[in-house]
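Every chain is numbered from 1, with letters handed out A, B, ... down the list of sequences.
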Amino acid sequence: MIRLAGVTKSFGSQRVLNALDLEIPSEEITVILGRSGSGKSVILKHIIGLMTPDSGKIYINDKDITRLNERELNEVRKQFGMLFQDAALFDSMTVGENVAFPLVEHTRLPKKEIQRIVEEKLRQVGLPGVAEKMPSELSGGMRKRAGLARAIALDPKIILFDEPITGLDPIMSDAIDDLIVNTQRQTRATCVVISHDIASTFKIAHNIAMLYEGQIIEFGSPEAIRNSSHPFIRQFIKREAPGWNAGP
Amino acid sequence: MAMMNFFEYAGRPFVGILEEFGRVMLLFLSAAVWAFRPPFRLRQVFKQMEAVGVNSLPVVLITAVSSGMVLALQSYYGFRMFGGESLVGATVALSMTREIGPVFTALMVTGRAGSAMAAEIGTMRVKEQIDALYAMSVNPVQFLVMPRVLAGMVTLPVLTVVSDFIGIVGGYFVGGQLLGINSGVFMARIYEMLDLNDIFNGLIKAVCFGLILSVVSCYKGFYTTGGAEGVGRAATQAVVISTVSIFISDFFLTAVMF
Amino acid sequence: MTKLTVEAKVGVFVVMGIVILGYMAMKVGKLSLMREKGYDVEVFFDSVSGLAPDVPVEIAGVEVGRVRDISLVDGMARVVLRIKPGVKIKKDAKAVIRTRGILGDKYITLGKGSPSAPDIKPGQRLWRTEPAMDLDALMGTLQDVAADIKSLSSSLTGVLGGAEGKATLKAIFNNFKEMVQTLNNTVQKNRDNIDVIVANLTDFSKTLKELGGVNVKDIQKIIENLSQASDRLGTVMEGMNRIVSRVNAGKGNIGRLLNEEEAIDNLNAALASLREISEKINQGQGTIGKLVNEEETAEKINTALTGINDYLQKQETFRTYVDYRGEYLFEHEWAKSYFTLRIQPKEDKYYLFQVVDDPAGKEKVTRIRREVDGQIVEEERVELEDELKFSAQIAKRYYNLGLRGGFFESTGGVAIDYYLLDDRLTFSLEAFDFDWEDNPHLKFIANFSPIHHIYLTAGYDDFINDEGQESFFLGAGIQFADEDIKTLITNVPIPTH
């Protein structure tokens, strides 16, 4: 279980997260929805310990990770898999080496076993037989899949997705959405997805957290969000820019 | 108030340089600490030794042989005026081992490998690959910076030895073969004037230069901001700052050692 | 051709650097492994100031060799010249140290020697030398000369200069003047007498003239006599010649002695038999020869000595070694460590007991059961775990070759060792973990001990493995013998109250 309590974070004079509270249920897909640049990625980076809050606490399985030193934090991070926005595959390694990377780093499995797992994970994300290719030879969607394969290589309890479908065509977006849902179903992992895409969100989410001005203004099932009365949420769902409605 | 502003403006760049120097030192210290923590990442170290050392060999060789030859040619014209042609060999050997070998090698490696280091790490930074390393519980300083610094410190002296040798060979070729200085006297003068300490002090310099250029380049890459443009800026700055630092430190090292 | 691995490339690169550095250090450090071709000739000089090794040796301006070595022997400078093969130098050629250019590059020039003299043989000495035109010495002499001149002139100044000197000079001049005046007076007074003397002299020369004219014939006679005498001398010489030629022809006693061929033959025979004897000795004939040549004898003496040594050192041969080493396996990126106890009752035999800490020694299989899409799937996961392994071996050594057998890392195996450089370098090949299905575990190890107690180890582990377990490894070890341990223990400070 992941819980953020009163998390505040500022960059310079700009306060991005403002005493944010959020509880993410286990073994479900939670989508954090918000406008571009509203600090969604910042939340994700706090959860995995890449950023530390100015104030507030972040609990992973009831352990406050803001107080941990790097070694303890690394132990916690081993439960995580993260898919970065541009997949963040290492350019100098083949796709196979990329997927094998966490296994090589954190297990003592024999080479053959690692190879087997890599093949299995790549098959799981629908990319069989690309292990020998370099990341630069893959398309954007394929890179995302490979990144996901790397994220789930250690069978993590928690998988974080940073804008998984941004920059993909609608068909590929849909395929990735399916992949997220299937992966979650197979692994029973807790998934946190950052998105600003309404259609995708309603397709995959068990829960939706609505981020607005540094706070979660509403948390609930897709149904509850759809029926929300909050003006910003209504606007967001209807894809309306403020100016169009608020005109004279 | 206006006066205060003036001092503030004058002092700001200086404070900035000091701050940056401090951050470079911190990066170096953490790389040093990570060098002694398992896992030792020898594979990465070897990879970087190949990139910094083996792959820089051709350009270092060309630089060394031509500087040795030019040195022989130029000093020959000077020495001939008072019949001291036999000193050409010693001049070439001393300049190569003490100065030109280490400094030119460091400059060439900076241009070739230093910029690549900054660009590579910078790209990894802007493409979130460094974050990915953190997320996968791998310390990027240990994974990226430590192997490069170690490789720089190990390969620079090796390159310098090769450069010294090739430079002297170039000087020998020009002096002994083209300009007709007696090759026995040429070599005898070198053995007479050149001390083992000249070579070793040159190598100590090389180690320092290797350290400087790799730490500075890694630092510039590691703290890259601003996308692809930022990566380019980081690479350029890495080369400029490394080069200047090498020259400055060369002065102090020379003053201390010779 | 297969592509070089990164490790191999870097290895070659670093080794190249070390070789070049070694070469330069050796050259600059005035050491030389390689000798140039040719032969050595030695020359002794009083001083070789400024002469450096490897400067040229010339004959008539042509380089015929180099100075190979300069050393001090009995206060003289011994210079060894390495002369190019095929260059002949006369035995009486003169060696001179010359200087070229104003910076004073020294070199050696050899004279051509007399045509009739034999050529010098390798290793011989050139006796005729000329001291170096030492610029310092020359300057020194010049200075001495200058000093002498200065002191001379200063003493002259002392005598002649000053008021006193002036007075003396005046007195001298006055005396001189007086003397001349006196002489003048004397001549004036005796003028007549002098005239008479001169007239007498004239008369005398006239008489002499006349006398000469009368005796011309006599003089001719004297010359004739002389000529006859010399004729007689010719005859005497002829007689001498005859005697000498008779000697040459072997006539007379002396002649016989010098010319008799028989005598020379005798001498030759005597020499020949002498040579025969020495050859016989060399070939081991006769008692002395046997004693000198028989290897058996030498060996007997040796064994006798060794026996005594053995007896004396019986207590010493029993040795115990304690050894710890770590190996880093590149392929797996983990390290194995070995703790070894070696008991060596005899020089050529030892027992080895070893504990090995292998971080990937054991395969641990875990079964994970989980639900996927409503189905229960069972997965097997293989993880490698840390394990302690044991080795116990018996080893026997034959000269440079050692054989080992017993337990290797808790399996059966054999090994072969090859010792080099006084045992400082060893190559070993171990084979163990024999199995019906897999290839045996082969391991090649090279150990090198640059200094006592410490050694470096490198090799290739499990290289015919078919599961991708092969790996290069690199490591280091530390070894102590029992007496070292004794020393160590006794030297460790023990805290006292």
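- The NZ atom of C:K9 sits 12.0 Å away from the NZ atom of B:K47 when rounded to the nearest 0.5 Å.
- For B:D195, the part sitting under 4.5 Å from any heavy atom of chain C is the backbone (N, CA, C, O) and nothing else.
- Within the 4.5 angstrom heavy-atom criterion, no atom of C:Y107 approaches chain B.
- Among residues two or more places apart in sequence or in another chain, the salt bridge (charged side-chain N to carboxylate O under 4.0 Å, His left out) test is passed with C:D461 by none.
- Atom CD1 in C:I20 sits 6.0 Å away from atom CD1 in B:I166 (nearest 0.5 Å).
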Inset, instruction - Report the C-alpha separation of B:M49 and C:F13 in whole Å, then their side-chain angles, then the decisive distance to 0.1 Å, and conclude whether the side chain to side chain contact (heavy atoms under 4.5 Å, CB included) test is met. - result: CA-CA 9 Å; B:M49 282 174 75; C:F13 171 72; 5.5 Å; no

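- Here the closest heavy-atom approach between residue C:P56 and residue B:V185 is recorded as CD-CG2, 4.1 Å.
- Within a 6.0 Å radius of CZ in B:F173, other residues, nucleotides and ligands contribute 12 heavy atoms or fewer.
- Heavy atoms from other residues, nucleotides or ligands lying under 6.0 Å from CZ of C:R125 number more than 12.
- B:L42 touches chain C through backbone and side chain together, each having a heavy atom under 4.5 Å away.
- Atom CE of C:M24 is separated from atom OG1 of B:T97 by 7.5 Å, given to the nearest 0.5 angstrom.
- Here C:E63 contributes atom CD and B:S183 contributes atom OG; the two are 6.5 Å apart, rounded to the nearest 0.5 Å.
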Inset, instruction - Dump the intermediate steps for side chain to side chain contact (heavy atoms under 4.5 Å, CB included) on C:E7 and B:R43, then the final yes or no. - result: CA-CA 8 Å; C:E7 284 87 351; B:R43 166 98 5 122; 3.4 Å; yes

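- The part of B:L203 that comes within reach of chain C is its side chain, from C-beta onward, which places non-hydrogen atoms under 4.5 angstrom from that chain.
- Heavy atoms closer than 4.5 Å to chain C are found nowhere in B:T160, neither backbone nor side chain.
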Legend entry - Criterion side chain to side chain contact (heavy atoms under 4.5 Å, CB included) on C:L21 and B:F200, from CA distance to verdict: CA-CA 9 Å; C:L21 179 64; B:F200 284 130; 4.1 Å; yes

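- The OH atom of C:Y23 sits 5.5 Å away from the CZ atom of B:F165 when rounded to the nearest 0.5 Å.
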